[in-house]
Amino acid sequence: MKITNLGALTNFEVLDVLRSRGASSDPLAALGSVSLSECKVFDYLIQTPASVQTREDIDEFMKRCEKYRLLMAEKLHIVNFRPTCPEEIEPFIDEGVKRQEPVDAEELAHMISEGCPLLKIDPKNIARPYNNYS
């Protein structure tokens, strides 16, 4: 798959492109329309927050976080990983960037929890350790 001239994409946008090309979790169902590697990327992305996000969620987040003057890379990381607390947000914020106001990670975490859907993990889909003796 070759996506050109689009700039940086969120995981949601990549997942959207893969869905439009016919990707699915079953490589045989998508035989011929997408490559095996695209199916693997699809499998990964449906286990991330991208699978429950909407374009409206992302657009709303981008508008609401304008006051922080975040870099595009910072916004993409936050959208892609959907941190849930200030401690998870802080690694995504570049401390070397001069901003008019410091980023309030607590307020940003609250804004994310209000506006971005939370991925609900099905316990059946959690990988089990290889040496599971029970």
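Only a predicted model underlies this, so the values are computations on that prediction, with no experimental measurement involved. Start at 1 with the first residue, then count along the sequence.
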Asker: Rounded at 0.5 Å granularity, tell me how far CD1 in Ile58 sits from CG in Asn11.
Answerer: 9.0 Å
Asker: So for atom CZ, which belongs to Arg69, do other residues, nucleotides or ligands contribute more than 12 heavy atoms lying within a distance under 6.0 Å?
Answerer: no
Asker: Measuring from atom CG of Asn80 to atom CZ of Phe92, what distance do you get when rounded to the nearest 0.5 angstrom?
Answerer: 9.0 Å
Asker: Can you tell me how far apart CE (Met62) and CD1 (Ile78) are? Round to the nearest 0.5 Å.
Answerer: 9.0 Å
Asker: Where is the tightest heavy-atom contact between Cys65 and Met111, given as atom of each residue plus distance?
Answerer: CB-CE, 3.6 Å
Asker: Which distance, rounded to the nearest 0.5 Å, do you find between the CG of Leu45 and the CD of Glu13?
Answerer: 12.0 Å
Asker: Would you say Val103 ends up clustered with Val97 if hydrophobic residues are merged whenever their side chains have heavy atoms under 4.5 Å apart, either directly or through other cluster members?
Answerer: no
Asker: Shortest non-hydrogen contact from Pro86 to Ala105?
Answerer: CB-CB, 3.8 Å
Asker: Considering only NZ, NE, NH1 and NH2 on the basic side and carboxylate oxygens on the acidic side, decide whether Arg99 and Glu74 come within less than 4.0 Å.
Answerer: yes
Asker: Does either side chain, that of Glu107 or that of Tyr68, offer a donor lying less than 3.5 Å from an acceptor on the other one?
Answerer: yes
Asker: Determine whether a donor-acceptor pair (N or O, by modelled atom type, separation under 3.5 Å) exists between the side chain of Glu88 and the backbone of Thr84.
Answerer: yes
Asker: To the nearest 0.5 Å, what is the distance between CD (Glu38) and CZ (Arg21)?
Answerer: 4.5 Å
Asker: Would you compute the distance between atom CG of Asp16 and atom OG1 of Thr54 and round it to the nearest 0.5 angstrom?
Answerer: 11.0 Å
Asker: Quick one: do the Ser51 and Gln47 side chains pair a donor with an acceptor below 3.5 Å?
Answerer: no
